[in-house]
Engineer: 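I'd like to ask you about the structure that follows.
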Amino acid sequence: MKFFVDTADLGDIRDMAAAGMVDGVTTNPSLIAKSGRPFLAAIADICALVDGPVSAEVAATDHETMLAEGRRLAAIAPNVAVKVPLTVDGLRTCRVLADEGVTVNVTLCFSPQQALLAARAGAGFISPFIGRLDDLGQDGIGLVRDICEIYRAHDSISTHVLAASIRGPLHIVEAARAGAHAATVPPQILRALYRHPLTDAGLETFLTDWRQTGQSILDVSEAAD
Ligand code: E4P
C-alpha cells in the first residue's frame, strides 16, 4: 500500500520525503488555509518536491467553474491530481477531466454507491473518509472494505482506493488489510508508525552491550583481525 501525506506543509513533506515515506500528497481547502500560503504556489512547490500524485481541490460547486479550476490546477504540473467533491457536478467534471487525461481524485466519499459512481466517472482515486464516519459512530473501515471488494469484483474498474481521514495507526493497518491501494496520512501519524517501546528498549540494550565490547565497526585498523 502506498503512503500519501495529508498536508500542505512543505517542511513536513520534505521531512517525510527524506524518510522515504511519501508516494504522494493530498491537500484540501482546510489544509491550504492552515498553511497560510497562496494555493497555486503551494501546489507548485509540493509538486517540485514529490514525484507522485499531488491532490489539489477545486473550490467551485458548479460544473463549468469546477472544470475551469480543474484545468488551471492540472496545468501546474503533470503530477497534479485534481480533487473534486462527490456531487453531481463533481462527477461531471471528473468525467471531462479524465477524458482529457487528467488524474482525478473524487473526495468526500461516504458510501459504496458513491464509490461506484466515481469509478463510472473515470476517477483515478476514490477517497473514502474513515475518521469522519467513525466520528458518527459508523464503520469507516467497513466502507473501505466494501469499496475494495466491489472494485475487485469488476475488472473494468481501475480507480484506486485512497483511504482518507485517517485518525491513527490502526486505521492504516486496517485499510491495508482491506486492500486499499493507498492511505493519506497526517504527518504526525506517519511519524507514529515508526514507534514501538520494545524497539526503543531493545536498541538501548544492544547499544549498552556493544559499548562494552570497546569495538568500532568503522575502525579500519581492526578490520583484519
Ligand atoms: C484527504 O484527502 C482528506 O482531505 C483528509 O484525509 C480529511 O481528513 P480529516 O477528516 O481528518 O479532515
Side-chain angles (χ1 to χ4, degrees), residues 1-10 12-13 16 21-37 39 42-43 46-47 50 52-61 66 69-70 73-74 76 79-87 90-91 93-94 97 102-111 114-115 117-119 121 123-145 147-148 159-176 178 180-193:
M1 187 177 71
K2 292 191 170 176
F3 285 5
F4 291 8
V5 61
D6 198 18
T7 185
D9 184 295
L10 274 187
D12 275 334
I13 295 168
M16 295 290 113
M21 295 285 281
V22 181
D23 297 308
V25 173
T26 54
T27 66
N28 61 36
S30 307
L31 292 171
I32 292 294
K34 191 172 159 198
S35 78
R37 300 213 46 221
F39 185 25
I43 295 299
I46 296 170
C47 287
V50 174
V54 174
S55 289
E57 188 159 343
V58 299
T61 53
M66 273 185 185
E69 289 182 353
L73 294 170
I76 293 175
N79 56 330
V80 166
V82 174
K83 222 173 170 190
V84 301
L86 213 156
T87 59
L91 293 181
T93 305
C94 176
L97 289 173
V102 173
T103 300
V104 181
N105 175 358
V106 177
T107 189
L108 291 167
C109 173
F110 294 96
S111 74
Q114 287 182 320
L117 294 175
F125 295 99
I126 183 70
S127 292
F129 276 36
I130 300 171
R132 294 193 194 189
L133 271 179
D134 285 3
D135 291 345
L136 294 182
Q138 297 184 23
D139 184 5
I141 287 294
L143 172 62
V144 175
R145 205 177 294 121
I147 297 172
C148 290
T159 305
H160 282 195
V161 178
L162 173 56
S165 189
I166 298 269
R167 298 284 161 77
L170 270 184
H171 274 164
I172 300 167
V173 174
E174 290 301 322
H181 300 84
T184 186
V185 186
Q188 70 276 14
I189 298 177
L190 271 181
R191 290 190 182 99
L193 293 183

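Every number for a ligand or one of its atoms is a count from 1 in the order of the listing.
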Engineer: Among all protein heavy atoms in this structure, tell me which lies nearest to atom 8 (O) of ligand 1, with the distance rounded to 0.1 Å.
Structural biologist: Ser165 CA, 3.4 Å
Engineer: Of the choices Phe4, Phe129, Phe125, which has the non-hydrogen atom that lies closest to atom 3 (C) of ligand 1?
Structural biologist: Phe129
Engineer: When you measure from the side chain of Asn79 to the backbone of Gly52, do you find a donor-acceptor pair of N or O atoms at a distance under 3.5 Å?
Structural biologist: yes
Engineer: Can you tell me the protein heavy atom closest to atom 5 (C) of ligand 1 and the distance?
Structural biologist: Asp6 OD2, 3.0 Å
Engineer: Heavy-atom distance under 4.5 Å between the side chains of Ser55 and Val25, does that happen here?
Structural biologist: no
Engineer: Tell me, which protein residue and heavy-atom name are nearest atom 12 (O) of ligand 1, and how many Å apart are they?
Structural biologist: Arg132 NH2, 2.8 Å
Engineer: Run the salt bridge (Lys or Arg N to Asp or Glu O under 4.0 Å) test against Arg132 and tell me which residues pass, sequence neighbours left out.
Structural biologist: none
Engineer: Considering only heavy atoms from C-beta outward, does the side chain of Leu91 approach that of Thr87 to under 4.5 Å?
Structural biologist: no
Engineer: Check Thr26, Asp23, Thr7 against Thr184 for a side chain to side chain donor-acceptor pair (under 3.5 Å) and give me the one that passes.
Structural biologist: Thr26
Engineer: Identify the protein heavy atom lying closest to atom 4 (O) of ligand 1, giving its residue, its atom name and the separation to 0.1 Å.
Structural biologist: Asn28 ND2, 2.7 Å
Engineer: Closer than 4.0 angstrom: is that true for some heavy atom of Glu57 and an atom of ligand 1?
Structural biologist: no
Engineer: Anything under 30° is parallel, anything over 60° is perpendicular, the rest tilted; go ahead and classify His181 against His160.
Structural biologist: parallel
Engineer: So which protein heavy atom does atom 2 (O) of ligand 1 come closest to, and at what separation?
Structural biologist: Lys83 NZ, 2.6 Å
